[in-house]
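Heads up, the thing below is written out as C-alpha cells.
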Protein chains: 2
Amino acid sequence: MQPRQSLPGFRDFYPEDLARRTAIFRAWRSVARRYSFVEYDGPPLEPLELYTAKSGDEIVGQLFNFTDKGDRAVSLRPEMTPTFARMVAARANALPKPVRWYSIPQLFRYERATKGRLREHFQLNVDIVGEPSELADAELLCVAIDIMREVGLGPDDVRAKVSDRRLLNVLLAAIGIAEGQQGAVYAVLDKIARQPHEISREKLEEAGLVPHQIDRVIALPDISSMDDLDRDFGHVESCKSAIATFGRYLSHLRALGAEAWIDIDLSIVRGLAYYTGTVFELFDAKGELRAICGGGRYDTLLNQLGGVDLPALGFGMGDVVLGVLLKERGLLEDLVADAPEFWVVSTEKCEPASVLRAAAALRRMGYSAEYVLNEEKLRTQKSSAQIKAAERAGAAWLMIVRDDERAEVRPLARTPGEPARDGAEILLHELHDAERGFAALEEAGVPAPRED
Amino acid sequence: MQPRQSLPGFRDFYPEDLARRTAIFRAWRSVARRYSFVEYDGPPLEPLELYTAKSGDEIVGQLFNFTDKGDRAVSLRPEMTPTFARMVAARANALPKPVRWYSIPQLFRYERATKGRLREHFQLNVDIVGEPSELADAELLCVAIDIMREVGLGPDDVRAKVSDRRLLNVLLAAIGIAEGQQGAVYAVLDKIARQPHEISREKLEEAGLVPHQIDRVIALPDISSMDDLDRDFGHVESCKSAIATFGRYLSHLRALGAEAWIDIDLSIVRGLAYYTGTVFELFDAKGELRAICGGGRYDTLLNQLGGVDLPALGFGMGDVVLGVLLKERGLLEDLVADAPEFWVVSTEKCEPASVLRAAAALRRMGYSAEYVLNEEKLRTQKSSAQIKAAERAGAAWLMIVRDDERAEVRPLARTPGEPARDGAEILLHELHDAERGFAALEEAGVPAPRED
C-alpha cells in the first residue's frame, strides 16, 4: 500500500481548501485583468544557476535542488523573478513597453522544519517593465490595494506602508551619513519598530554615527506626511528633487483613489538589496501578521540578471498570510461558490432517461446540475430522499421531474425565515431550445447561470 | 549573468501561450463545474514510494526523483491518481458519495530526450468514487465530450471509442480463451489497428490460440453496434449480463445527448492494468494524433493503493494534444480574450489626474482599462499617438478625456467594413456612481464588463 501522508510542509487542497484558494486566485486575476496585466508562467523546475546568479551560493541551502538524470543541476523555483527576468530578456526588443505581466507560481523553499511551516506557497507576481515614471509605481501599488478591496478588506483592515529608496538615500546623505554606512542604517530602520530604541542606537553608534545623526535616523519613521518631509528636509537643496518625485507618486495614488490606504513609513526598506526606488508593504492594520505583500522598483536588476537595461518594478503577494487574514475576518467563505445550481429529482411517473435529458439540457444552458447517479435509484428512490441529498450538496434549485413531459422548478436553499416559495411548472421540451428554456426558467425565478 | 534557457522539455508560457492554456483550463473547469464536480489539488512533490507502490520500481527511471535535504526519497508527480487515492482514502468515510472531483495538475516525466518531447504537461483528471452504476460511466464520458463541444469541436472532429473490460472478458471466455491467455490477447487487440493482421495472428498463435479463436479475436474490432454484439454473442448465456450492462451504458449516453460521438471499439483496452469496466479514448476523427483523453472504471485500485474498497472511475485529458488539435482547427485563438476593454486617452485640455480617475472608475466598474503610464506623456503626447498605442494593444473602446469634466467614448476595434460609429459624450463624474456610469456607457453602446 502507498504512503498515507504528503511531505512535511506541503498542502493537500481538498475541495473546500481549493475553493478558498480559487477565490483568492480569482480576485488576483480579476484585478490584474482590469489593470490590463496579462498572465504568464514559467517552469516550476529551472537550472539551479538561475537562482545562484541572483542570490549567490548561500541560497542553495534553502532550495529543493538536485541533479537530474541528464546530470543537470536543477531546482524547484523558490521565487519567480529570475524566470521573469529570463523571459523578458529573451524578448526584450520585441515586447511592447511597458510590459505589464503577472503570474501565480507555486514556489518552494526548503525551510528548516518548524512545526506548521510551509515549504510551498502560491505567490501573485505583478511586474511592469520599461517605464521609469512614478505613475507606474502608483499604478502598481493600486493593483495590490484593489485586490484588498476585491476580497472585501478596507483601509481599516489593511495599511499600505510606502517609502522610496532614492528619497531615503538623499535624506541620509543630508543627515551626513556616508554611503558606506547606509547598509547598517537600512538594517536598523528595517527593525526599528520591532526592537527597543536603545538597541537601534547602539547599532547606529557601532556604524560610526554621531549622536545628532542617530537622533535624526531614529526620528525618520515619525515622518508621516509630505508636510513633515518638507518641514524636516524641504530646505535641503539635494533633497528637493527626490521629495518632489515622492510627492508626485503620492498625488497619483490620490487620483487613483488609494489615498485612504497609504501610510508614509520611511522604515520600510525591504530586506532585498535590489530595490532602487519606491518600496511598499501591505500589512494587516493590527500588525499581527507578517506582510501581506511587498514590492517596489528595481531598475537595475534586469540588467544584472538578463543583460537588458530596462527599468522595472513589481510586487509579490502570497496566498498564506492573505488567506489567514480573510479567514480571521470571516470573508473567505463568502467568496466560495461551489454548490450545484440544480438538483434534478425523479418521481414514480418519469423514466430515468427524462432526468438525464433534463440534466444535460440544464448543463448545455450553462447551469451546474447533479442527480442521483444510479438508474435503479432513479427508478425506486423516493423524491424526499433525493431532496435530502440535494440539501446536503447545498443545491440552490430543485427540478422535480413529474413525468416525461413536465417538471416542477423550485428554490431549495432558502434563507431562514423566508416563506417557502411555490414551485413553477415547466415543460421539459422547452429546455432543449435555449431561448425558450431561459424564458421558462426566468419565469420560475431562476437567475442566469453562474459565470465561471 | 543568469542562464538564458529553460530546461529541455519545459515550457515558458509567454502571455499569448498562457492565454491559450487558460482558454483550455477555462473550458475544462466550466464543463466540470456544470457536472457538479469540485476541484482539488495535491502537492507537485510527493514521497517517491507513492509512485512505486502503484507502478513498481521500474517507474523510477521515468521520474524526476531525488533525495531532499531531510533525506527523504521524493519525486515530482508523474500522474495524479496516487495523490487522488491517498486523499480519498484519508477521508473515505466522511466524504459524501459519489465523490465527484477534478484537478488540473502539472505532471512531470523524465522521458529520454527526443527533440520537442515535453517533460511536463497539464492534465485534467476527472474522477467519480463510490458509484458502481453504469450511469456514472456514461456521465463521466459526457464530461469529456462536453469539453469537446465547449471548445468548438464536433463529432466530425472527435470520436469517442468505447469498450468494456468486463464485456471483453466474457466474450473472450465465450471464444474459449483461458484466463492465462487474456493478457496476450489484450496486447494484440491494443495494437490491432496499427499492425498487419499477419503479425497479430502470429502473436495469438504464440499465445496458444487455435485458428477459429484467432479469427474471432481478429473480428472483434468489427463489432460496431449492439446489433453486431447480439448477433455474435447474444445467444451465449454467460455473455448476456455484460451485454445488457453495456447496452444500458450506451442508452444512458443517448439520453445524455452523446450518441453522435460514440464508436463501439472493442480494441480499446488501455495499456494500464488497473481498468476493470468501461474504458474509452477520445481521438481526432482523422486519427492523426495521439489520444486526446483516456479513462474508464477502476473498481479495485483504491483498495490496492489506499485500502478503501470503493468503486471508482475517471479520465485524464492533457493540454498538449488538445492544444495541437485546436490550433490545427483554428479554434484556439477564438477562445482567447486578453486585450483591454478600454484605453483612456488624454488631450491638451485635461489634467493627467482626470485620466487616472477615469481609469480607476472604469476598473471599479469591472472593466479592464489602460492608459499611457507616464505623467509627462499624458501632458504632452498627441491623442493620435495614444490611439495608435490603443490599437496595438487591441483595445475595444477608447475613452478620450476631452477636459476635466467630459470624455468621448467610442469603439476602436471595428470589424472591417463596419461603418465607423460616432463617439458618445459622457460626463466623467457619472462614472463614479456605478449605476449612472453603467447607464451612460450603455447609452454609448459599451457592453457589460467581460467576466473573468
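The shown structure was predicted, so the numbers you read here are calculated from the model rather than taken from an experiment. Order of the sequence lines sets the chain letters (A, B, ...), proteins ahead of strands, with each chain counted from 1. Computation of the quantities below employed the complete heavy-atom set of this structure, encompassing side-chain atoms and omitting hydrogens, waters and symmetry-equivalent molecules.
When all heavy atoms are compared, the tightest approach of B:R33 to A:R450 is NH2-O, 3.0 Å. Minimum interatomic distance between A:Y371 and B:R100 (heavy atoms only, all atoms of both residues): O-NH1, 4.2 Å. B:R357 approaches A:A255 most closely through the heavy-atom pair CG-O, 3.0 Å. For the residue pair B:P43 and A:D12, the shortest heavy atom distance occurs at CD-OD1, 3.3 Å. Between A:L373 and B:E139, the closest heavy-atom pair is CD1-CD, 3.7 Å. For the residue pair A:N374 and B:L135, the shortest heavy atom distance occurs at N-CD2, 3.5 Å.
For chain B, the nearby parts of A:A85 are the backbone and the side chain; heavy atoms of each come within less than 4.5 Å. Contacts of B:R254 with chain A are absent, with no heavy-atom separation under 4.5 Å from either backbone or side chain. For a residue to count as touching a neighbouring chain, one of its non-hydrogen atoms must lie under 4.5 Å from one of that chain's; by this rule A:V372 touches chain B with the backbone only. Both the backbone and the side chain of A:E49 come within contact range of chain B, with heavy atoms under 4.5 Å apart. Residue A:L378 touches chain B through its side chain alone, counting heavy-atom pairs closer than 4.5 Å. With a threshold of 4.5 angstrom between heavy atoms, B:E376 does not approach chain A through any atom at all. For A:E351, no part sits under 4.5 Å from any heavy atom of chain B, backbone or side chain. Proximity to chain B is absent for every atom of A:R392, based on heavy atoms less than 4.5 angstrom apart. Heavy atoms of B:E120 lying under 4.5 Å from chain A are absent altogether.
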(message) Under the criterion side chain to side chain contact (heavy atoms under 4.5 Å, CB included), I'd like the reasoning laid out for A:L76 against B:L76: C-alpha separation, chi angles, the key distance, then a yes or no.
(response) CA-CA 10 Å; A:L76 288 176; B:L76 289 176; 3.7 Å; yes
(request) May I have the step-by-step check of side chain to side chain contact (heavy atoms under 4.5 Å, CB included) for A:S6 and B:R86, ending in yes or no? (result) CA-CA 9 Å; A:S6 55; B:R86 175 173 60 69; 3.6 Å; yes
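Salt bridge annotation for B:E150-A:R364: absent, with no cationic side-chain nitrogen under 4.0 angstrom from a carboxylate oxygen. For the pair A:E16 and B:R91, the salt-bridge criterion is met [side-chain N within less than 4.0 Å of a carboxylate O].
In this structure, A:R34 is not positioned above the aromatic face of B:Y367 in the sense of NZ or CZ being under 6.0 Å from the six-membered ring centre and within 45° of the axis.
By number of non-hydrogen pairs under 4.5 angstrom with chain A, the leading residue of B:S251, B:P340, B:A360, B:P3 is B:P3. Per-residue heavy-atom pair counts under 4.5 Å with chain A were compared for B:Y51, B:W101, B:F10, B:Y35, and the maximum is reached by B:Y35. Counting heavy-atom pairs closer than 4.5 Å to chain B, the top residue among A:E341, A:H252, A:M365 is A:H252. In terms of non-hydrogen atom pairs under 4.5 Å with chain A, the most contact-rich of B:L18, B:D17, B:T67, B:T22 is B:L18. Listed options A:A32, A:G61, A:A90 were ranked by heavy-atom pairs under 4.5 angstrom with chain B; first place goes to A:G61. Chain A forms more heavy-atom pairs under 4.5 Å with one residue of B:G257, B:A136, B:P47 than with any other, namely B:P47. Contact count against chain B (heavy-atom pairs under 4.5 Å) is highest for A:E46 among A:E46, A:E134, A:R149, A:Q304. Heavy-atom pairs under 4.5 Å with chain A peak, among B:L95, B:N65, B:L45, at B:L45. With chain A as partner, the option from B:A53, B:A389, B:A369 having the largest number of non-hydrogen pairs under 4.5 angstrom is B:A369.
A donor-acceptor pair is defined here as one N or O able to donate and one able to accept, closer than 3.5 Å; such a pair exists between the side chain of A:Y110 and the backbone of B:G70. At least one donor-acceptor pair under 3.5 Å links the side chain of A:Q2 to the backbone N or O of B:P82. One N or O on the side chain of A:K69 and one on the backbone of B:L63 form a donor-acceptor pair closer than 3.5 Å. The main-chain N or O of B:D41 is never found under 3.5 Å from a side-chain atom of A:Y14 such that the two would form a donor-acceptor pair. A donor-acceptor pair under 3.5 Å links the side-chain atoms of B:R4 to the main chain of A:G306, judged by distance alone.
To the nearest 0.5 Å, the span separating OG on B:S36 from CZ on A:R363 amounts to 8.0 Å. Atom CZ of B:F37 sits about 8.5 Å away from atom CD of A:E370, to the nearest 0.5 Å.
Using a 30° and 60° split on the angle between ring planes, A:F66 and B:F66 fall in the parallel class, below 30°.
Counted within 6.0 Å of NZ on A:K97, heavy atoms from surrounding residues, nucleotides or ligands total more than 12; the atom is thus considered enclosed. Atom CD of B:Q5 sits in a sparse spot, with 12 or fewer heavy atoms from other residues, nucleotides or ligands closer than 6.0 Å.
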